[in-house]
Amino acid sequence: MSTHGIKDVTFGLVDATGKLLTNDAGVGTNGIYLVDGDAKGATTATVSGLEAAGTVAYANDEAKRVSNGQAQPEVALEFLDIDFDELQKLKGYIQDTVNGGWTRQLPKPHVAMLLHFRSYTNIDMYEGFANGQLIETGSSHATDNNAETDANTALTYQALTPADNTIFNGEPYKIWMSQDTGFDKAKMLAEVFGGYSATTGGSTTGSTTGSTTGSTTGSTTGSTTGSTTGSTTGGTTPGK
């Protein structure tokens with residue numbers, strides 16, 4: 001299953017039950033944000049931790065059993081650029097009304113993510129994560145000189161078990177190939193993004209993101225007192 005390129009990355013915020021957050025509580029259009037537009041988009045998405053080597057148990061001088069632990073996927077992401085306001089909401093930052101600044105607030109929001117890429121024969125492929133945290137561990141700045149010094153946005157996505165454990169068979173990761181029998185893009189989007197549909201969005205009943213460990217007592221994602229504007233570029237056409 002060799003692949004090439006990266007078509008796009010789409011994000012959504014879900015509540016503690018796995019339902020998509022829309023309107024001011026969510027991101028993008030109808031609750032999902034496809035990172036695309038003028039100078040915006042993903043450059044790399046490196047997935048690790050899908051499986052770990054099993055632990056072999058021996059008896060009678062033979063290898064008799066292998067135990068396999070849970071998957072712990074993590075995705076190293078880099079973007080040429082990404083909308084500032086949308087990113088802060090995805091990280092769980094809130095905007096104050098004093099001077100417009102953004103600060104981190106815990107618990108962090110539940111983030112769903114879909115990666116879109118292609119096989120060598122240009123068949124669309126997708127990797128989905130229904131629940132996780134998006135973190136930005138640092139930022140880098142260097143002086144411009146006779147050449148501009150750019151610093152792309154680098155993020156880490158830590159996948160968790162879906163808040164709704166009836167999807168993905170309770171696993172944190174699922175993969176699709178568009179030519180497979182039974183593939184349905186609309187159903188894929190609805191599964192990854194907690195009931196999303198292109199016409200109606202997802203559930204508007206989830207008003208809080210809660211903790212990524214299942215608490216529903218967390219604060220609302222993003223600012224409810226500051227700006228609620230943000231890019232909606234491409235938000236309704238993930239995996240174009």
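Any value given below was found using the heavy atoms of this structure, including those in side chains, with hydrogens, waters and symmetry copies removed.
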Spatial distance of atom CG (N165) from atom CG (N131) [nearest 0.5 Å]: 11.5 Å
query: With sequence neighbours excluded, what pairs up with A190 under the side chain to side chain contact (heavy atoms under 4.5 Å, CB included) test?
result: none
Please set out all donor-acceptor pairs under 3.5 angstrom arising from side-chain atoms of residues 47-65, sequence neighbours excluded.
unit_1: S48; atom_1: OG; unit_2: E74; atom_2: O; d: 3.4
unit_1: E62; atom_1: OE1; unit_2: K64; atom_2: NZ; d: 3.2

field: For A163 against A16, the heavy-atom pair lying closest together
entry: CB-O, 3.4 Å
message: Tell me if a side-chain donor or acceptor on D83 pairs with a main-chain N or O of D85 at a distance below 3.5 Å.
response: yes
With T121 via side-chain hydrogen bond (donor to acceptor under 3.5 Å, both in side chains) - residues at least two apart: S119
Would you mind writing out the side-chain donor-acceptor pairs for residues 134-153 within the sub-3.5 Å range, not counting sequence neighbours?
unit_1: E136; atom_1: OE1; unit_2: K91; atom_2: NZ; d: 2.6
unit_1: S139; atom_1: OG; unit_2: H141; atom_2: NE2; d: 3.3
unit_1: D144; atom_1: OD1; unit_2: T149; atom_2: N; d: 2.7
unit_1: N145; atom_1: OD1; unit_2: A147; atom_2: N; d: 2.9
unit_1: T149; atom_1: OG1; unit_2: T143; atom_2: O; d: 2.8
unit_1: N152; atom_1: ND2; unit_2: E78; atom_2: OE2; d: 3.1

- line: Rounding to 0.5 Å, atoms NZ (K89) and OH (Y33) come to a distance of 12.0 Å
message: If I compare all heavy atoms of V75 with all of F129, which pair ends up nearest, and what's the gap?
response: CG2-CZ, 3.8 Å
message: Tell me whether Y126 contacts the main-chain N or O of L189 through its side chain, where contact means a donor paired with an acceptor under 3.5 Å.
response: no
field: Exercise: identify the closest heavy-atom pair between V9 and A42
entry: CG2-CB, 3.7 Å
- prompt: To the nearest 0.5 Å, what is the distance between CE (M125) and NE2 (H116)?
  reply: 10.0 Å
message: Return the CD1 to CD distance between I82 and Q88, rounded to the nearest 0.5 Å.
response: 9.5 Å
- request: For the residue pair I32 and V27, establish whether any side-chain heavy-atom pair is separated by less than 4.5 Å.
  value: no
message: Once ring-ring contact (aromatic ring centres under 6.0 Å, His included) is applied, what residue pairs with a partner in residues 63-83 remain, sequence neighbours excluded?
response: none
field: Check against side chain to side chain contact (heavy atoms under 4.5 Å, CB included), H4 and N122
entry: CA-CA 8 Å; H4 75 92; N122 290 325; 2.8 Å; yes
query: Do R104 and Y93 touch side chain to side chain, with heavy atoms closer than 4.5 Å?
result: yes
Report, one line per pair, each donor and acceptor closer than 3.5 Å where one atom sits in a side chain of residues 167-180; sequence neighbours left out.
unit_1: Y173; atom_1: OH; unit_2: E127; atom_2: OE2; d: 2.6
unit_1: K174; atom_1: NZ; unit_2: E191; atom_2: OE1; d: 2.9
unit_1: K174; atom_1: NZ; unit_2: E191; atom_2: OE2; d: 3.2
unit_1: S178; atom_1: OG; unit_2: D124; atom_2: N; d: 3.4
unit_1: S178; atom_1: OG; unit_2: D124; atom_2: O; d: 3.2

task: Output the distance between atom NZ (K7) and atom CG (L114), rounded to the nearest 0.5 Å.
output: 13.5 Å
query: Taking side chain as C-beta onward, heavy atoms only, is V35 less than 4.5 Å from T10?
result: no
field: Heavy-atom donor-acceptor pair, D36 side chain to G41 backbone, under 3.5 Å
entry: no
task: Using modelled atom types only, decide if a donor and an acceptor are shared between the side chain of Y157 and the backbone of L77 within a distance under 3.5 Å.
output: no
statement: On a heavy-atom basis, the closest approach of A25 and L13 is O-CD1, 3.7 Å
Any Q133 side-chain heavy atom under 4.5 Å of T156 side chain: no
query: Does any non-hydrogen side-chain atom of T17 lie less than 4.5 Å from one of D164?
result: no
Shortest non-hydrogen separation from T3 to Y120 and the atoms involved: O-CE2, 3.1 Å
- prompt: Say you draw a straight line from CG of D8 to NZ of K40; how long is it, rounded to the nearest 0.5 Å?
  reply: 15.5 Å
- prompt: Which heavy atom of L80 sits nearest a heavy atom of T43, and at what distance?
  reply: N-CG2, 3.8 Å
